[in-house]
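All values below come from the heavy atoms of this structure, side chains included, with hydrogens, waters and symmetry mates left out. It should be emphasised that the depicted structure is a prediction, and the values quoted were computed from it without experimental measurement.
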Amino acid sequence: QVQLVESGGGLVQPGGSLSLSCAASGSIFSIYNMGWYRQAPGKQRELVAVAISGGRTNYPDSVKGRFTISRDNAKNAVYLQMNSLKPEDTAVYYCNAKIRPGPRSGVDDYWGQGTQVTVSS
């Protein structure tokens with residue numbers, strides 16, 4: 001069984017910074033992409049950042065230059081550093097990983113439990 005456990009998040013004033021962490025554990029043979037998504041009330045879940053195995057990263061324009069994703073493959077972990085936060089960044093943030101649990105398994109999507117990020121004065 002694969003688990004993604006997130007930490008971080010909370011309340012921050014506009015212009016502030018927060019960092020999120022996510023670690024995968026359990027039956028893991030290979031991890032491919034790891035990333036972060038967010039979902040604000042009444043909106044669809046959207047990609048925030050993705051770290052592709054091999055080192056490439058990708059961000060939507062809404063967070064480019066403010067958010068930085070990084071991975072620690074030895075720890076099966078992914079991090080999100082969020083700077084210059086805006087009220088519109090308020091959402092529940094979810095960690096995502098594409099994982100092959102075993103050598104003969106397919107690659108599945110796994111999700112963290114979500115962590116609230118609120119940007120407000």
Side-chain angles (χ1 to χ4, degrees):
Q1 190 77 335
V2 176
Q3 256 193 322
L4 299 185
V5 178
E6 303 167 9
S7 60
L11 173 64
V12 65
Q13 292 188 342
S17 298
L18 279 177
S19 60
L20 305 180
S21 301
C22 172
S25 63
S27 175
I28 297 172
F29 181 75
S30 298
I31 300 180
Y32 299 91
N33 296 2
M34 297 189 82
W36 293 91
Y37 288 72
R38 67 186 180 189
Q39 188 166 19
K43 294 189 176 181
Q44 288 190 329
R45 191 173 294 190
E46 63 176 358
L47 175 70
V48 174
V50 61
I52 301 166
S53 57
R56 285 190 299 127
T57 59
N58 194 30
Y59 307 89
D61 288 343
S62 58
V63 307
K64 199 173 290 183
R66 300 188 297 121
F67 291 10
T68 302
I69 189 171
S70 59
R71 285 176 67 162
D72 185 335
N73 292 328
K75 296 181 179 180
N76 292 335
V78 64
Y79 310 96
L80 185 67
Q81 178 64 40
M82 303 181 290
N83 299 327
S84 302
L85 283 161
K86 305 175 181 179
E88 51 264 42
D89 294 318
T90 296
V92 178
Y93 283 68
Y94 296 90
C95 173
N96 169 265
K98 298 189 185 304
I99 296 174
R100 188 187 302 275
R104 293 183 178 84
S105 303
V107 178
D108 288 328
D109 266 321
Y110 292 86
W111 295 90
Q113 77 279 11
T115 185
Q116 179 70 44
V117 171
T118 302
V119 185
S120 174
S121 55

Working to the nearest 0.5 Å, report the span between OH of Tyr37 and CG of Asp109.
7.0 Å

Tell me every residue that passes salt bridge (charged side-chain N to carboxylate O under 4.0 Å, His left out) with Lys64, counting only those two or more places apart in sequence or in another chain.
Asp61

Determine whether a donor-acceptor pair (N or O, by modelled atom type, separation under 3.5 Å) exists between the side chain of Ser27 and the backbone of Pro101.
yes

Atom of Ser21, atom of Tyr79 and distance for their closest heavy-atom approach:
OG-CD2, 3.4 Å

Linked hydrophobic residues, Val5 as query - side chain contacts closer than 4.5 Å
none

If you link ILVMFWY side chains whenever their heavy atoms are less than 4.5 Å apart, which other residues fall into the same cluster as Val117? By chain and number, please.
Val2, Leu4, Val12, Leu18, Leu20, Ile28, Ile31, Met34, Trp36, Val48, Tyr59, Val63, Phe67, Ile69, Val78, Leu80, Met82, Leu85, Tyr93, Ile99, Tyr110, Val119

Interatomic distance, NZ@Lys86 vs OG@Ser62, rounded to 0.5 Å, equals 8.5 Å

Are the side chain of Ser84 and the backbone N or O of Arg66 linked by a donor-acceptor pair below 3.5 Å?
no

Would the distance check show the side chain of Glu6 and the main-chain N or O of Gly114 forming a donor-acceptor pair, the cut-off being under 3.5 Å?
yes

Using 0.5 Å steps for rounding, measure from the SG atom of Cys22 to the CD atom of Gln113.
8.0 Å

May I ask you to test the Pro87-Pro14 pair for a side-chain heavy-atom distance under 4.5 Å?
yes

In this structure, CG of Asn58 is separated from CG of Leu47 (nearest 0.5 Å) by 6.5 Å

ILVMFWY cluster membership beyond Leu11 - transitive side-chain contacts under 4.5 angstrom
none

To the nearest 0.5 Å, atom CG of Asn33 lies from atom CZ of Arg56 at 8.5 Å

Contacts of type side chain to side chain contact (heavy atoms under 4.5 Å, CB included), residue Gln39, not counting sequence neighbours:
Arg45, Tyr94

Between Asp108 and Lys98, is there a salt bridge with N-O shorter than 4.0 Å?
no

Just wondering, more than 12 heavy atoms not from Gln3 lying within 6.0 Å of its CD?
no

Quick check: are there more than 12 heavy atoms from other residues, nucleotides or ligands sitting under 6.0 Å from CD of Glu88?
yes

Those residues that, when tested against Arg100, pass salt bridge (charged side-chain N to carboxylate O under 4.0 Å, His left out) (two or more places apart):
none

Any side-chain heavy-atom pair from Arg38 and Thr90 closer than 4.5 angstrom?
no

Any donor-acceptor N/O pair, Gln81 side chain to Ser19 backbone, under 3.5 Å
no

